[in-house]
K.L.:
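One structure is given below, represented as structure tokens, and several questions about it will come after.
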Amino acid sequence: MELLGRYWWWPVVLVLVHFGMNGCFGCWEQERIALLQLEASIVNCAYEHNFSHWDLGNKESDCCEWEIVKCNITTGRVIQLTLYRTMSYFSRESAIDWYFNASLFLPFEDLQYLDLSWNGIHGWVPNEGFERFSLLSKLEVLHLDDNNFNNSILQSLNGIASLKELDLSNNNLNGSIHIKDSNILTKLQLLDLSGNDFNAQVLKSLTAFPSLKTLDLSYNKLEGSFTTKELSELSNLEQLKLLFTLIDKSLLRKIGVMTSLNVLAMSYCELNGTLPDRGWCELKKLQEIDLSGNNFEGRLPSCMANLTSLRILDLSYNYFNENIVQSPLSSLTSLEYLSFSNNNFTIPSTLSFLSNLSNLKILLSDNNILALEPDSLTWIPTFQLKVFSLSSCSIKIHNRTPPRFLHYQYDLRIIKLSHNKLVGQFPYWLLENNTRLEIFIVNNNSFTGPFMVPSDIRPNMLSIDISDNYLHGPIPTNLGIIFPNLEFLKMSRNEFEGNIPSSFGNLGFLWSLDLSENNFSGTIPMHFIMGCGNLEILILSNNSFSGQIFPANSNWTNLASLHLDNNHFSGTLPTWVGNVTYIEDIVMAKNHFEGPIPIELCKLVYLDFIDLSDNNLFGSVPSCFNSSIIRFFQLNKNCLSGPIPSSFQNNSNLLALNLRDNHLTGNIPNWIGSLSSLRILLLKANHLGGQIPIQVCLLQNLNILDLSDNKFSGLIPHCLSNVTFDASADKTSLRSLSSGAYDLRSTSLYLNIKSDIIKYLPHDLSTVDGFLDAEEEVEFTTKTRTYSYKGDILEYMFGIDLSCNNLAGKIPLELGRMGSNIRALNLSHNNLSGPIPVTFSNLKQIESLDLSYNNLNGKIPPQLTEMTSLAVFSVAHNNLSGTTPERKNQFGTFDESSYDGNPLLCGPPLQNSCTKMRPSSTMPVDYEGEEGDIFMDMGVFYISFVVVYITVLLGIVVVLYINPYWRRSWFNLIEVCIDTCYCFFVVHYHKLVNFSLA
């Protein structure tokens, strides 16, 4: 006893030493070595962004604190390794395939969770496959998704007796699974086989897993049919997920034998017809079902009333078309989540059919048909919704107001009533009643009155969209104080006025602000500029803001989109914009900016869209715009000078180059042909000259080419026929950009119990609409008028305008072989000669053809009448002769002005008849002294000559009579001339006489 008392501290020391080496004070040394060996085996082909190299040199570093490693906090043993996307699966530089080596993982004896997904594993080292994982007796979760395994993988896993969760999604598994041992993976509860190529026979194989509760076969084809016997053998299955899977239509009739099923997801499976009235309705334990995105139609079967345990029901994106009051939905009293958006249900305006659903938390009912219900059916709901969406409904009611039951809702977090044409005063009471409201969307209605906010602070409010209404008055001055955490505010297209309140400077989390198309005025408050440091999108277009744009010390370094067009801003363009590294689009058109374009803009390497048009900018275009990302470049209607900048050379992404209405000089550079994607080239109304380079013909994707009102000379390039004018879907869209975000808010957060299939619903509930649409807008003259084209119309507008230049020579026959989609061709006011090409008759879609004010001769080809789309046609003021085209098709609509100034033309609609015209016998004279066909009346010529001669003579007499000085000078000149002539004749006469006498 004395000896025990003397050495009692030895066991304590041994325990402390043990845990000091292996437990509380760090990871086990053998596991640390194993981790370093694992790193050494993959370091040459590891994906650097997801795999940080561990500290090889520091032997004292704790491996439990290394990334992707998790240890048991008591024993210090490694229990989790997350090697997700560790290998350079998507790296072209890495040609190394990872072959799995099980021995690298065997030292981790307590390993419970192993994630090897997204690594492109092709197989394993000989004798080092997953069979050896039988030694990992505690492994429960194994993720092998997004690799290259085949069907043999399941057989190799048969020794992992402890495995409960296995993910083999997105591999190369196919057909069915042939399992030899019926006792493998007996504890497996969750199996994910989605994203493979299984057929329907796979269900028969899966009966080998007796404990299986969750099965995911989404994104497979599952060709073939399921038998009732196969389904009944999966009676323990609780969750079945078949999203985006082509399955047998009879499954819903047979699935009733899966008596334990509580979750069924069958969205986007291309199922059609009516829902069966047996089978699936017998699933008494069913709590969640997703049938969205199919082609179901007709009525909901009455047997749905048996699903009394149902909490989650999604019927969205189908074609159900009954009156929803007659459906069994009102019997599903356990419902918490109900979505029937995007169908053809007829919904009563009061939504009274929901009166029994006391547990309802989320209701999504967009894009259906709202019908009038008598006010006598007004009811008080027994539920308190957290999410309500009723948008884009077809309304068969005049003067429609928001559903009255909303007056009794006090716990709403998200409300969306957009695109309904609702009327009445702005529903301020929704903001006032729901103190925890986060998302408020009522855009595109007909609400009137002022925009009012509650009197107390609402820190939960994140997003407000009240755009496209008829709201008026100023912005509440305390808005920034009431909603201090606001992230998104859209008030565009209303009738607001006044200034931006200085309280906006309190919106430190605001990242998007759209006040466009209102009547706002004044300057931008400094407090707002300095306070909103997180602002990414600012849209102030189409207002009356004025003053200097922003100070040099602006805090908006996170801006991605800046739209200030159509205001009264003045001063010079701010140089600080060059410091906004990630800005993508700048639109400052239609203001009063002046001065040169700052070279700081050249720093913006992510710039995609820039529009500085319709200002007073001068100087040259900076040649440092060398970003290959720019797609839309618009500087038209300024006072810019100098040559076309070379900064766009070899930019294969540029779609629109608009430099019209400036003072540019020089030629079109030969590198223009390197802009392979260019669809809009506008150089109108400059001082450009020289010949049109043949490199323009390389722009085969052109929609519009406008070189009018310049000084171009020479011939029209024959190769312009290479421009196809094809409205191909392969071309990059001219809709430029549609920026914005869809807030994928997890609606399951608002349910009483966590949902397994309803997590993110961007198709049902987008809390932020795509809010920014910076469309390319082009002015182009056709049909004698200047039109503005944008959006889808611009995609299908094709035209060439070479008018008002000094082009000469014949019109190339090849122009008639351009793509038949061309809509407008203008060659007027040049010096073109020769005949009109017959090939123009091939331009079947052309609507405007102007060849006026040239020197064209010959006859008008009668084949032109085949251009049946022609709306404007002019050959006026040329030297054409013969008869006008037959008055049929579109040519029956053209009047005399289309042919004016051609004296030798005859026939309708001209006054001179071809039978009355005398034969042409006069000498043809051209304007330039060359041969032509101009008819000259000699009688008129003689009379005109005599009248002019007499007029000039009388004018000289009158001048000499009035001015004595000129009169003396005149007679002195006459006297000198007489003396000179006299001397000349006398001298030469004497010389002639002397010569004859000699």
Side-chain angles (χ1 to χ4, degrees), residues 467 487-492 500 504-505 507 510-518 520 522-526 528-595 597-615 617 622 625 627 629-635 638 656 736-741 770-777:
S467 60
E487 298 176 356
F488 176 90
L489 178 60
K490 187 173 183 178
M491 304 175 66
S492 59
I500 296 178
F504 271 34
L507 301 176
L510 190 69
W511 61 269
S512 178
L513 175 64
D514 186 352
L515 302 179
S516 61
E517 298 187 47
N518 282 284
F520 291 117
T523 58
I524 309 300
M526 181 63 67
F528 167 56
I529 295 173
M530 301 307 299
C532 298
N534 288 318
L535 203 61
E536 296 180 16
I537 296 173
L538 177 61
I539 311 174
L540 303 179
S541 309
N542 299 296
N543 281 286
S544 298
F545 290 114
S546 58
Q548 295 283 328
I549 177 171
F550 305 120
N553 57 346
S554 172
N555 198 29
W556 293 343
T557 55
N558 294 320
L559 275 178
S561 298
L562 179 61
H563 289 219
L564 307 175
D565 50 301
N566 203 9
N567 280 284
H568 302 301
F569 290 114
S570 58
T572 58
L573 294 177
T575 58
W576 61 262
V577 175
N579 298 323
V580 186
T581 307
Y582 298 104
I583 196 165
E584 297 177 4
D585 51 288
I586 298 175
V587 183
M588 298 184 180
K590 299 179 181 177
N591 280 285
H592 305 298
F593 294 120
E594 56 188 11
I597 299 174
I599 60 173
E600 285 80 4
L601 294 182
C602 299
K603 300 178 184 178
L604 306 177
V605 295
Y606 296 101
L607 193 61
D608 176 85
F609 189 108
I610 182 168
D611 186 355
L612 305 177
S613 61
D614 212 346
N615 282 287
L617 304 176
F625 276 108
S627 173
I629 296 179
I630 293 181
R631 295 188 302 149
F632 300 89
F633 194 84
Q634 302 181 115
L635 296 178
N638 281 286
S736 59
L737 63 139
S738 184
S739 304
F771 45 79
L772 177 59
D773 194 4
E775 291 184 325
E776 171 72 3
E777 185 173 356

K.L.:
Should Asp565 and Lys590 count as an ion pair when the cut-off is N to O under 4.0 Å?
P.N.:
no

K.L.:
Under the side chain to side chain contact (heavy atoms under 4.5 Å, CB included) criterion, do Asn579 and Lys603 qualify, and how do the steps go?
P.N.:
CA-CA 8 Å; Asn579 298 323; Lys603 300 178 184 178; 3.9 Å; yes

K.L.:
I need the minimum non-hydrogen distance between Leu612 and Met588, along with the two atoms involved.
P.N.:
CD2-CB, 3.9 Å

K.L.:
Go through His563 and Asp611 one step at a time and tell me if the side-chain hydrogen bond (donor to acceptor under 3.5 Å, both in side chains) criterion holds.
P.N.:
CA-CA 9 Å; His563 289 219; Asp611 186 355; over 6 Å; no

K.L.:
Could you pull out the closest heavy-atom pair between Pro622 and Cys602, with the gap in Å?
P.N.:
CB-SG, 4.1 Å

K.L.:
Do side-chain atoms of Asn558 reach the backbone of Glu536 as a donor and acceptor pair under 3.5 angstrom?
P.N.:
no

K.L.:
Taking all non-hydrogen atoms of both residues into account, name the closest pair between Leu510 and Phe488 and its distance.
P.N.:
CD1-N, 3.9 Å

K.L.:
Roughly how far, to the nearest 0.5 Å, is the CD1 atom of Ile597 from the CG atom of Leu573?
P.N.:
7.5 Å

K.L.:
Can you give me the closest heavy-atom contact between Cys532 and Phe504, atom names plus distance?
P.N.:
SG-O, 3.2 Å

K.L.:
Any sub-3.5 Å donor-acceptor pair from Asp585's side-chain atoms to Phe609's backbone N or O?
P.N.:
no

K.L.:
For the atom pair CG (Leu538) and CG (Leu564), what is the distance rounded to the nearest 0.5 Å?
P.N.:
6.0 Å

K.L.:
Yes or no on side chain to side chain contact (heavy atoms under 4.5 Å, CB included) for Ile537 and Trp511, after CA distance, side-chain angles and deciding distance?
P.N.:
CA-CA 6 Å; Ile537 296 173; Trp511 61 269; 4.2 Å; yes

K.L.:
Rounded to the nearest 0.5 Å, how far does CG of Leu489 lie from CG of Leu515?
P.N.:
6.5 Å

K.L.:
Could you please spell out the steps behind the side chain to side chain contact (heavy atoms under 4.5 Å, CB included) verdict for Leu562 and Val580?
P.N.:
CA-CA 11 Å; Leu562 179 61; Val580 186; over 6 Å; no

K.L.:
Can a side-chain donor-acceptor contact be found between Asn566 and Ser541 if the only test is distance below 3.5 angstrom?
P.N.:
no

K.L.:
For Phe593 and Asn615, which heavy atoms make the closest approach, and how far apart are they?
P.N.:
N-OD1, 3.1 Å

K.L.:
Are the side chain of Asn591 and the backbone of Asn567 linked by a donor-acceptor contact shorter than 3.5 Å?
P.N.:
yes

K.L.:
If you look at every heavy atom in Ile524 and Phe545, which pair is closest and at what distance?
P.N.:
CD1-CD2, 4.0 Å

K.L.:
If we ignore hydrogens and angles and just use 3.5 Å, is the side chain of Asn638 paired with the main-chain N or O of Leu617 as donor and acceptor?
P.N.:
yes

K.L.:
Who pairs with Phe633 by ring pair (Phe, Tyr, Trp, His ring centres under 6.0 Å), at least two apart in sequence or on another chain?
P.N.:
Phe625, Phe648

K.L.:
Compute whether any side-chain donor of one residue and acceptor of the other, for Ser516 and Asn542, lie under 3.5 angstrom apart.
P.N.:
no

K.L.:
Go through the structure and list residues passing side chain to side chain contact (heavy atoms under 4.5 Å, CB included) with Ser544, not counting sequence neighbours.
P.N.:
Ser521, His568

K.L.:
Once side-chain hydrogen bond (donor to acceptor under 3.5 Å, both in side chains) is applied, do any residues pair with Asp614, and if so which ones, sequence neighbours excluded?
P.N.:
none

K.L.:
Rounded to the nearest 0.5 Å, what separation is found between the CD1 atom of Ile583 and the CG atom of Leu607?
P.N.:
7.0 Å

K.L.:
So, taking the atom named CG in Asp608 and the one named CD1 in Ile586, what distance separates them when rounded to the nearest 0.5 Å?
P.N.:
11.0 Å

K.L.:
Side-chain contact, heavy-atom cut-off 4.5 Å: Ile629 with Val605?
P.N.:
no

K.L.:
How many angstroms lie between OG in Ser492 and CG in Leu513, if you round to the nearest 0.5 Å?
P.N.:
10.0 Å

